2 protein chains.
Amino acid sequence: MASDASPAPTPVTLREVAAAAGVSVATASKALNGQGRMMAETRERIRETAQRLGFRPNSLAQSLLRRRSFTVGLLTNDTYGRFSLPVMSGISDALVDKGVSVFLCNVEDDQRLGQLHVEAMLDKRVDGIIATGKRIDRHLPVDLANLRIPVIYAFTQPDPGAIAFVSDDAGGARLAVEHFWRLGRRRIVHFSGPASFAVVHARAQAYRDVLTEKGLPAMEPLLGSWSEAWGHEAVKKLFDRKGEKPDAVFCGNDQIARGVIDALRERGLDVPDDVGVIGFDNWQIVAEATRPPLTSVDMNLAALGREAGLTLLSLVGGEPAAPGIRKLPCRLVVRQSCGRPPGG
Amino acid sequence: MASDASPAPTPVTLREVAAAAGVSVATASKALNGQGRMMAETRERIRETAQRLGFRPNSLAQSLLRRRSFTVGLLTNDTYGRFSLPVMSGISDALVDKGVSVFLCNVEDDQRLGQLHVEAMLDKRVDGIIATGKRIDRHLPVDLANLRIPVIYAFTQPDPGAIAFVSDDAGGARLAVEHFWRLGRRRIVHFSGPASFAVVHARAQAYRDVLTEKGLPAMEPLLGSWSEAWGHEAVKKLFDRKGEKPDAVFCGNDQIARGVIDALRERGLDVPDDVGVIGFDNWQIVAEATRPPLTSVDMNLAALGREAGLTLLSLVGGEPAAPGIRKLPCRLVVRQSCGRPPGG
DNA sequence: CTGAAAGCGCTTACAG
DNA sequence: CTGAAAGCGCTTACAG
């Protein structure tokens, strides 16, 4: 016997289930939760009754009692969402299976909004909070210190002493430069974004380190903006001058790489035959639109989100976790902008 | 006297406030809610006590009583988020000021996930649900009929008889074609995405309608994919053949337009002098990277989200609303890909 | 094996 | 003007 097509205007309560099954609410509760001991038939009868009436326990009441709401707050300032969204969906996916729901809080860069959302979360008794953003070197406009509930930072600047997950930018850069090396490229340059970004320095340093380890001459990275236009401009700067030209360009993001590839083609250079190009972010829609499709470093943001979500849950469950910043590995997604190894 | 730097491990309750102020919890409740009548001084003393102790009412308890949780569920299948994200932030912004929080539910295209999230929302007693997605002609993998709480569809295929907000695609296409007309362009073509998308037909029909109204010969739109590559290919198809060339291309999205602009430049045609180009979606990061920057139709998705959020709230508040699909106007964002009017 | 009682934190008639 | 009581929907010791 299925439940009605049009549901009752008000949800069925445990009290109604108990009445229908001819037991007390206490017994009904225990039957449905598998608690206490009672005759198997009683338990089964109550279960069937609940099922038949379409009973679903009111989470609000359960939360009040259990002191656990099975909700978490997710703060972000990334309205555009290119970085936040994979993180967010990773978090959401990790939590939905545990019955935990996620409040989406868009705080922009607005103190008032930040405060408003944090207070709303606290009032709604979220079990924990995850902060995420569009830059790992900027703090959200919120005060998350001394909150009484666990807080995790994911892809945003953490408070000192907090637990944070970020991508391993240096490791990602290494992946790119070492890939070029393995392909036999020896004149590798690096174009990146503005010096005001911490990741620009982390990636540039890793780039220098690998060159040094391989005994190649250090070339200073060219810093500019995160745009295609800067990719064009950087190519002009470097390929206009006399002397040996680079045979590989490692770019700080995919848009720069896109500009580089277009600029190289415009001056008659072949990618990957003359010059190999690698981007960063693995922004699929851009990486697949370049000609040829772009090899790029992926920060594994969805995995980062999963990790953050799972860690928050274990904190909520009372398990301890060491504070600090955990760097999660990137991976290189190989497409066609670098060619094959010399003998390959 | 501010609250402690490190908060109590457990939030302060109304009972504690009442005790500290020397009144009953009932009186404390009424004082803080502005209910009932009591001496102004009593009310003020209770307020101060609450303030001093950092009292914040437990929303879970309030919700249980009020039968209103001040939360709504937001379902989406747009993991990538290009369309969903503006809608979502519009919704969130509209609701946060009313104290309503939003549960983010990523249902992908997975029935199981959809069911899981809807049940979680119902169990958590959300006041309403908003469904959004990446296509207005596809239904989310969830059953939202007969839910007992209000449901609004925003930028996704609604159930029959439901309330839905979508962009006015035909109106947006008109904006583009009429803009070309005003600029004196008379040989206007239309490149768009796959025929399997409803918006492709809506926009194509509006394109034909405007041409007919203006007494221009109808040219059949060229349908392909949503990619830059298709923009290139379509240019090749149309500009390779003999006879008069188009002087304006209205594109079904910004990526096609990007491909068109690049392809035109590659064959020595000037944009906008020889050919004007308009895109659709106003995907800022693409529109601003084309050379010249792209004029594009914006679907006003954030406004659509706001509208959806506000309407849901009024339904929750018991106000009636007529079912049906409401088309919200697009706007044309003029950049430099169309040039100026003949005399301008 | 089952039920009456107390309670989570709050609000709202209803008495005094 | 203020407080004791009942109750939102559930769970969990504690009696029987």
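Just so we're on the same page: letters track the sequence lines, and every chain starts at 1. This one's a predicted model, so the numbers in the text were calculated from it and none came from an experiment.
Within 6.0 Å of CD on Q115(A) lie no more than 12 heavy atoms contributed by other residues, nucleotides or ligands.
Note on R15(A): a side-chain N or O is less than 4.0 Å away from OP1 or OP2 of dC8(D). Contact check, S24(B) against dG3(D): a side-chain N or O comes under 4.0 Å of OP1 or OP2. Taking 4.0 angstrom as the limit, R43(A) places none of its side-chain polar atoms (N or O) nearer than this to OP1 or OP2 of dT2(C). Taking only side-chain nitrogens and oxygens, S29(B) comes nearer than 4.0 Å to OP1 or OP2 of dT11(C). A close approach under 4.0 Å does occur between a side-chain nitrogen or oxygen of Q62(A) and OP1 or OP2 of dT11(D). A sub-4.0 Å separation between OP1 or OP2 of dG9(D) and a side-chain N or O of R125(B) is absent.
A gap of 16 Å separates the P atoms of dG7(D) and dA4(C), to the nearest Å.
Distance CG/L65(B) to CG/L60(B): 12.0 Å, rounded to 0.5 Å.
When each of S69(A), S63(A), S59(A) is tested with K124(B) by the rule side chain to side chain contact (heavy atoms under 4.5 Å, CB included), just one qualifies, namely S59(A).
The listed nucleotides are dC8(D), dT2(D), dT11(D); the one nearest the side chain of T27(B) is dT2(D).
Nearest-nucleotide positions on DNA chain D for K30(B) and L64(B) put K30(B) closer to the 5' end. Between N58(B) and G22(A), the residue whose closest nucleotide on DNA chain C is further toward the 5' end is G22(A). In terms of position on DNA chain D, the residue among A26(A) and A61(B) whose nearest nucleotide sits closer to the 5' end is A61(B).
Looking at heavy-atom distances under 4.0 Å, T13(A) makes contact with sugar-phosphate atoms alone, never a base. Within the nucleic acid shown, T42(B) comes within 4.0 Å of sugar-phosphate atoms alone, with no base atom in reach, counting heavy atoms only.
Between the CD1 atom of I46(B) and the P atom of dC1(D) there is a distance of 14 Å, given to the nearest Å.
Panel note: side chain D127(A), backbone V316(A); no donor-acceptor pair is recorded below 3.5 Å.
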task = Using Watson-Crick or G-U wobble pairs with both distances under 3.5 Å, give me DNA chain C in dot-bracket, 5' to 3', with [ ] for crossers and | for pairs to another strand.
result = |||.||||||||.|||
